[in-house]
2 protein chains.
Amino acid sequence: MGARLRAAPRRRRSATIRDVARRAGVSPATASRVLSASRHPVSERGRRRVLAAARRLGYIPNLLARSLLTRETAAIGVLVPDVSNPYYAGVLRGIEDAAGPARRTVILCNTDRDPAKLRWYLRALMERRVDGLVVAGGSFGRAESAITGGALPVVMIGRGPARLPCVRVDNVAAGALATRHLLELGHRRIACLAGPAVSTTAADRVAGYRRALREAGVPAAHEVVLEAGFTPAGVPALVARLLAREPAPTALLAPNDLVAIAVVRALHEQGRRVPEDVSVVGFDDIPVASYVVPALTTVAVPAYALGRAAVEALGGLLAGRPAGTVVLPTELRVRESTSVLDERRGLA
Amino acid sequence: MGARLRAAPRRRRSATIRDVARRAGVSPATASRVLSASRHPVSERGRRRVLAAARRLGYIPNLLARSLLTRETAAIGVLVPDVSNPYYAGVLRGIEDAAGPARRTVILCNTDRDPAKLRWYLRALMERRVDGLVVAGGSFGRAESAITGGALPVVMIGRGPARLPCVRVDNVAAGALATRHLLELGHRRIACLAGPAVSTTAADRVAGYRRALREAGVPAAHEVVLEAGFTPAGVPALVARLLAREPAPTALLAPNDLVAIAVVRALHEQGRRVPEDVSVVGFDDIPVASYVVPALTTVAVPAYALGRAAVEALGGLLAGRPAGTVVLPTELRVRESTSVLDERRGLA
DNA sequence: TTGTATGCGTTATCAC
DNA sequence: GTGATAACGCATACAA
């Protein structure tokens, strides 16, 4: 039994459980039982000696070796379109805060909603044998679900392939909520900036918008839906197009707060005031939404809570408990970017 | 050699390299050489058979096993105070974008600037045998540095313990830059909201502020430094205190853009306009900074580039190349929240 | 160019 | 309550 393999380890080899055992005068098995919090009985004397030796040697267990044997890594993969988006940053924070106490670590992947990138990361996570996945923000469809082959517990945040456990809000209701708020303020010409076409979240919000208009008996001709995106890019041009319409809308829905803030600015640059001339509603209620001037009226989506709930559902799955769909509530937060329609003003 | 251990694996055992080898009619060694991109020669025929078998079996290598042997995990730990902060979200994005191409994955840890949490995560990362660490945002001092015991390559983002490679900006210069901008606009009574006391970033910016004032010959009595924080909490009260001063400042520095936006709002609520009555400068140039009204004048800190540079430095370290200190430039972005001092207005 | 054997660090199993 | 031993899945030194 010669030790042949020794590929010139640059870093000093850290103490192993055998080192600890030797120093404590016990077998590796006993040392393991103490250090891995096993429920196998160990004498008090032995326990103390092992603990002392471990401390003295600065022993740090190697989770790779442990995981190889136990088939559990206590790591979860998190797939998110983009952490730079404050909404996803909030989700991520919730995920991490829920993972920590369970002693699970989070491997972060930004997909940019790019299926190729997503698949690449998926494979990387499977190679690392993560215990499970939390997937937020679309483009995780049936094909991707097939990659994990059901071998990996997955919890979606937002809508995903049927059958996959999921934590989400009702975006149709959210879209309707925002629209009804504007209708109640007297607006009839309400435009809707939709998010990216691939996003079910965006599609649902538009659906809610349409439904609310129909239910209020607003003529279909008043429906105006323009595809935007979830980022401020291109917003000034879109707003210009809206202002050029005849008659022009007196209110509008932005796909999220980030875009809403950009819309307010674009309107400002075109000489329109919010909310006096145009009312604007966003979605998400990201932290800055309440600090900008005018403070944004928005439909709050509990990003942080969604993250937490997803990890909790995943934890349940890993513990053998089935998980279904969790729907968290959204809430309209009326602030300063919307007001009663003043017939004398408006964009026209 | 009986196979005894079979702890009722709930998940179907995935194919191993032995399975692939058997199916391909070669030895595990040959299969390994093909699948791990070893430079050991393998016949073309063998290579094709192995690849085919791997594909057919849906083989996914187990990185845990590989890492146990190679002593490299291709994972890096990232310690950040809080991803919800757009600045750190940007840093994180840069880190991830640089890590991906190197096939490294990112394990994310939010420390909340809490030393206990930091140490807890540090240990978790060492147990996972990450290849290295990127640490952003303070509270990583000598004690923490000692934990890694030099066994782990660390790259700091921002100032850290001496001797540790670090990627940062010159925050003293940044603070001076912002202050000089206000001085050039004619302001003399400039207040400074400092970030948290523990933050060297905050301290440096204040130092720059003081230096610029001194160099401009502004009386020391005009120096006003109030401790704020990096979040908007408590901003209204601070602004109220500032407005109550006699004479009141005509301009102020916020510790970062997030706080600057809150300051603008608080001033607005107190009936002061920005920049007509008070000029405000922020730091970071987070994405929303240019979309709010008024658009924020700010000293841009290249968060994304810092993240990238840190990972590149870490990669160098891992490849045996030494890393020193990299200082990236900051840049004043003059927008709408600052203007020439109008003697007839001001807060007084 | 290929196969055999060994061990990475840990824990589960079994015998004591 | 303790210890020897066999895996976990893989990559490599060495022999062929």
Side-chain angles (χ1 to χ4, degrees), chain A residues 1-9 11-22 24-50 54 57 59-74 126-129, chain B residues 1-9 11-22 24-50 54 57 59-74 126-129:
Chain A
M1 274 199 214
R4 307 257 186 64
L5 189 84
R6 178 101 337 147
R11 304 210 270 285
R12 201 174 75 266
R13 193 180 128 292
S14 54
T16 73
I17 206 164
R18 309 184 75 95
D19 300 327
V20 173
R22 193 171 326 124
V26 300
S27 72
T30 299
S32 169
R33 296 196 259 255
V34 172
L35 295 170
S36 66
S38 143
R39 54 201 174 302
H40 193 104
V42 174
S43 71
E44 194 47 41
R45 200 184 90 98
R47 176 177 309 276
R48 274 211 317 275
R49 293 184 60 100
V50 169
L57 293 174
Y59 171 71
I60 294 180
N62 185 327
L63 252 52
L64 300 172
R66 177 180 298 177
S67 295
L68 192 55
L69 206 53
T70 64
R71 296 167 173 292
E72 290 190 359
T73 53
M126 295 185 72
E127 292 185 347
R128 295 202 128 77
R129 298 299 192 265
Chain B
M1 274 196 211
R4 306 259 185 64
L5 188 83
R6 177 97 341 145
R11 304 211 271 283
R12 202 173 74 265
R13 192 180 130 290
S14 55
T16 73
I17 205 165
R18 309 185 73 95
D19 300 327
V20 174
R22 195 172 324 125
V26 300
S27 73
T30 299
S32 169
R33 296 196 259 255
V34 172
L35 296 170
S36 67
S38 147
R39 54 203 174 303
H40 192 103
V42 174
S43 70
E44 195 46 41
R45 199 184 90 97
R47 176 177 308 277
R48 274 212 317 276
R49 293 183 60 98
V50 168
L57 293 174
Y59 171 71
I60 294 180
N62 185 326
L63 252 52
L64 301 171
R66 180 180 296 176
S67 295
L68 193 54
L69 210 51
T70 63
R71 293 168 175 292
E72 289 190 0
T73 53
M126 295 185 71
E127 292 185 347
R128 292 203 132 75
R129 299 296 191 267

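We use all heavy atoms of the structure for the numbers below, so side chains are in, but hydrogens, waters and symmetry mates are not. Order of the sequence lines sets the chain letters (A, B, ...), proteins ahead of strands, with each chain counted from 1.
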Next on the checklist: Assess the residue pair R129(B) and L68(B) against the criterion (side-chain contact (heavy atoms from CB on, under 4.5 Å)); give the C-alpha distance rounded to whole Å, side-chain angles, the decisive distance to 0.1 Å, and a yes or no.
Outcome noted: CA-CA 9 Å; R129(B) 299 296 191 267; L68(B) 193 54; over 6 Å; no
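- Of the listed nucleotides (dG9(C), dT11(C), dA11(D)), dA11(D) has the atom at the smallest distance from the side chain of T70(B).
- For A65(B), the listed nucleotide lying nearest its side chain is dG9(D); candidates were dT11(C), dG9(D), dT4(C).
- Rounded to an integer number of Å, the gap from CG of L64(B) to C1' of dA11(D) is 15 Å.
- Within residues 32-47 of chain B, the residues approaching DNA chain C are R33(B), H40(B), P41(B), V42(B), S43(B), by heavy-atom distance under 4.0 Å.
- Look at CZ on R71(B): it is 5 Å from P on dG9(C), rounded to the nearest Å.
- Distance, R128(A) CZ to dG9(D) C1': 16 Å, rounded to whole Å.
- For T30(A), the listed nucleotide lying nearest its side chain is dT2(D); candidates were dG9(C), dA11(D), dT2(D).
- Closest contact between the side chain of R66(B) and the listed nucleotides dC8(C), dA11(D), dT10(C) involves dA11(D).
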Checklist entry - Between L63(B) and T73(B), does a side-chain contact (heavy atoms from CB on, under 4.5 Å) hold up when you go through it step by step? => result CA-CA 7 Å; L63(B) 252 52; T73(B) 53; over 6 Å; no
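- Side chain of A29(A), nearest nucleotide from dT10(C), dC10(D), dA12(C): dA12(C).
- The CG atom of N62(A) sits 16 Å away from the P atom of dG9(D) (whole-angstrom rounding).
- Residue-to-nucleotide proximity on DNA chain D shows that, of R18(A) and I60(B), the 5′-proximal contact is made by R18(A).
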Next on the checklist: V20(A) vs V50(A), test: side-chain contact (heavy atoms from CB on, under 4.5 Å). Steps then yes/no.
Outcome noted: CA-CA 7 Å; V20(A) 173; V50(A) 169; 4.1 Å; yes
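- For L68(A) and dT10(C), the CG to P distance is 12 Å, given to the nearest whole Å.
- Using five terminal pairs a side, the axes of the helix from dT1(C)-dA16(D) to dC16(C)-dG1(D) at its two ends make an angle of 40°, given in steps of 10 degrees.
- In this structure, the CG atom of L63(A) is 13 Å from the C1' atom of dT11(C), given to the nearest Å.
- If you measure from atom CG of D19(A) to atom C1' of dT10(C), you get 13 Å, rounded to the nearest angstrom.
- Of all nucleotides listed (dG3(C), dG9(C), dC10(D)), dG3(C) comes nearest to the side chain of S27(B).
- Of the inter-residue distances, the one linking R71(A) atom CZ with S14(B) atom OG reads 7.0 Å to the nearest 0.5 angstrom.
- Between R22(A) atom CZ and dG3(D) atom P the separation is 14 Å, expressed in whole Å.
- At a threshold of 4.5 Å between non-hydrogen side-chain atoms, the residues V42(A) and T30(A) count as touching.
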